[in-house]
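Proteins come first, then strands; the chains are lettered A, B, ... in the order of their sequence lines, and each starts at number 1.
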Number of protein chains: 2
Amino acid sequence: MSVTTTSQPGSYHHGNLRVALIDAGVELAREGGPDAVVLREASRRAGVSHNAAYRHFADRDSLLAAVCGRCMSALARLMEKRIAQAAPASDDGLKGARRRLRATGTAYVEFALTEPGWFRTAFAVPAELHYLAGDEGLGESGLGPLELLGAQLDAVVKAGGLPPKRRPGAEFTAWSAVHGLAMLLIDGPLRELPQPERDAALEHLLDTITRGL
Amino acid sequence: MSVTTTSQPGSYHHGNLRVALIDAGVELAREGGPDAVVLREASRRAGVSHNAAYRHFADRDSLLAAVCGRCMSALARLMEKRIAQAAPASDDGLKGARRRLRATGTAYVEFALTEPGWFRTAFAVPAELHYLAGDEGLGESGLGPLELLGAQLDAVVKAGGLPPKRRPGAEFTAWSAVHGLAMLLIDGPLRELPQPERDAALEHLLDTITRGL
DNA sequence: GACATATGTTGACAGCGGCCACATGATCTG
DNA sequence: CAGATCATGTGGCCGCTGTCAACATATGTC
C-alpha cells in the first residue's frame with residue numbers, strides 16, 4: 001500500500017503516477033468509502049498537480065474503477081487467507097470442505113466490518129465501467145470472491161455434502177445472504193446492533209443457508 | 001408526489017417549502033439515487049432560492065434523511081400491498097402465512113428492481129442521523145419493512161410452519177438474503193444478469209431460506 | 001541537434017455545500 | 001390600527017470538486 005516512486009523527488013516527471021494515484025485512492029477509500037475517492041486529493045497525496053491525473057485516467061470514475069478493483073482484490077485475498085486457515089489443504093473430506101465454505105462467509109463479513117470503506121468501494125464500480133480490466137478484483141489464486149465461493153461449494157458437493165442437483169445457483173444465494181448482512185451491518189439499519197448480536201446474526205445466517213442449500 | 005403550495009404563486013413566502021423540498025428530493029432520488037439528492041437542485045425545483053432550504057433543514061444530510069424516510073415508507077407500502085395480495089386476510093392457515101412471507105421477500109426485491117433510486121436512497125441514511133424521526137420509514141400499517149417481515153414470520157410460527165425455537169433472529173437472516181440479492185442485482189456484480197436468471201436466483205434464494213429457517 | 005510524444009502545470013469555469021448580511025412578509029402586542 | 005418581532009426567502013461569497021484548454025518540460029527518435 002506504499003507509494004512507490006521511481007523518479008527522483010523534485011523531478012518534473014513522477015515516474016509512477018498511475019499506481020501512486022491508485023494507492024492514494026485506495027487510502028481515501030479506506031478512510032471514507034467510494035465518495036472519498038476524489039481526483040484532487042489523490043493528486044495532492046501523490047505530490048502532483050490536480051490535473052496530472054488526466055494523463056492516466058479519463059475521469060474520476062476511471063480512477064474509482066481502478067480503486068474498486070484493488071478493494072475487491074483485498075476482499076478476495078482475505079477470503080483466500082481465511083479459507084486456507086479453516087482447514088489444511090490436505091483435508092478434502094466433507095468436514096474440511098464445510099469448514100472452508102463457512103470460513104468463506106465469515107471472511108466476507110469480517111472484511112466488511114474491519115474495512116467498511118474498502119468493502120463499500122469494492123461494490124461501487126461506476127455503472128459504465130463495470131468490466132474490470134483483466135485481473136482486477138482477483139486474489140492471489142486468480143479467483144475473485146464469487147469464484148472462491150463457488151469453489152468451496154463445488155468442494156462440498158464433491159465431498160458429498162450437497163446433492164449436485166442443488167448446486168446450480170447456490171453461490172448466488174449464499175453470496176446474497178452474506179452480502180446483505182454485511183451491508184445492513186455497516187451502513188444499514190443494523191449498524192447499531194451490539195457485537196454479540198452481530199455474531200449471533202452471522203451464525204444464524206450461515207446455519208440457515210447451510211441447512212437450506 | 002405532487003408539489004403542494006398553499007401560498008399564491010409569485011408570493012415571497014412559499015408556504016409549504018419543507019414538504020416541497022422533500023418532494024423534489026424524492027424525485028431526485030428516484031432519478032439518481034442518494035447522491036442526486038442535492039440542495040440546490042431541490043431548491044430550484046421548488047422554485048426557491050438555493051438558500052431557502054436552510055430555514056427547514058440544517059444541512060444537505062438533513063434533507064437527505066427526510067428523503068430516505070420517504071423512500072423507506074414507499075418500500076414498506078409496496079410490501080404491505082403485495083402481502084395483502086398474496087392471500088386474503090381471512091386465510092390464517094399455514095399456506096396463507098407462507099404465501100405472505102414469500103410475498104414479503106418478492107416485494108422487497110421487486111421494489112429494488114423497479115425503483116432502484118428509491119431503494120438505494122432508503123438505505124443511504126446519513127450516519128449521524130440514523131434515528132429517523134417518529135413515523136419516518138413506515139407503511140400505512142405503521143410498521144416498517146423489518147417489522148412487516150417479522151410479522152409474517154410470526155404468522156408462520158403461529159400457523160405451525162416454523163418451530164418457535166427457530167424464530168429468534170430469523171428476520172435478520174431473511175432480510176439479509178433479500179437485501180443482498182437486491183443490492184447485487186441493481187448495483188453489484190449481478191447487474192448484467194439476464195431477467196430469467198434473476199428470477200431463478202430469487203426463487204432459489206427464497207426456497208433455500210424457507211428450507212433453512 | 002531537431003522534432004515528436006508523453007507527461008505534468010497553470011488557469012479557468014461551472015456546480016455543489018455552507019456561511020453571512022440583508023430583505024420581506026406574517027404575526028403578535030400594545 | 002401601528003409598531004415591534006420573528007419566521008422565511010434572497011443575494012453574495014468562499015472553498016471544494018470535476019473538467020477543459022493552453023502551456024511547459026522531459027524523454028526518445030531520427
Q. How about B:E80 and B:S141: does a side-chain donor come under 3.5 Å of a side-chain acceptor?
A. yes

Q: Compare side-chain N and O positions of A:R44 against OP1 and OP2 of D:dT17 and report whether any pair is under 4.0 Å apart.
A: yes

Q: Taking only the side-chain heavy atoms of B:N51 (C-beta and beyond), determine which of D:dC20, D:dG9, C:dC19 contains the nearest atom.
A: C:dC19

Q. Taking CG from A:L21 and C1' from D:dG18, how many angstroms apart are they, rounded to a whole number?
A. 15 Å

Q) So, A:R45 and A:E27, do they make that salt bridge, N to O below 4.0 Å? A) no

Q.
Could you tell me how far apart B:F57 (CZ) and D:dT8 (C1') are, to the nearest whole angstrom?
A. 14 Å

Q. Whole-Å distance between D:dT8 C1' and B:N16 CG?
A. 13 Å

Q: Using atom CG of B:L28 as one end and atom C1' of C:dC16 as the other, report the distance to the nearest whole Å.
A: 13 Å

Q. Can you find an N or O donor on one side and an acceptor on the other, under 3.5 Å apart, linking the side chain of B:D61 with the base of C:dG17?
A. no

Q) Does B:H56 place a side-chain N or O at less than 4.0 Å from the phosphate oxygens OP1/OP2 of D:dG9? A) yes

Q | Length of the line joining B:L17:CG and C:dT24:P, which is rounded to integer Å | A | 19 Å

Q | Proximity to the side chain of B:R60 - top-ranked nucleotide from C:dG18, D:dC23, D:dT10 | A | C:dG18

Q: Apply ring pair (Phe, Tyr, Trp, His ring centres under 6.0 Å) to B:F123 and list each qualifying residue two or more places apart in sequence or on a separate chain.
A: B:F119, B:H179

Q.
Distance check needed: C:dC16 C1' versus B:E41 CD, whole Å only.
A. 11 Å

(Q) Does C:dC19 have OP1 or OP2 under 4.0 Å away from a side-chain N or O of B:Y54? (A) no

Q. To the side chain of B:S49, which of D:dT10, D:dT17, D:dG9 is closest?
A. D:dT10

Q) Which listed nucleotide (D:dT19, C:dG17, D:dG9) is nearest to the side chain of B:R55? A) D:dG9

Q: Could you tell me whether the phosphate oxygens of D:dT19, OP1 or OP2, come under 4.0 Å of any side-chain nitrogen or oxygen in A:H50?
A: no

Q | Donor-acceptor side-chain pairing of B:Q85 and B:R82 below 3.5 angstrom | A | yes

**Q.** Partners passing salt bridge (Lys or Arg N to Asp or Glu O under 4.0 Å) against A:E203 (at least two apart in sequence or in another chain)
**A.** A:R102

Q: Return yes if the base of D:dT19 and the side-chain atoms of A:R40 contain a donor-acceptor N/O pair under 3.5 Å, otherwise no.
A: yes

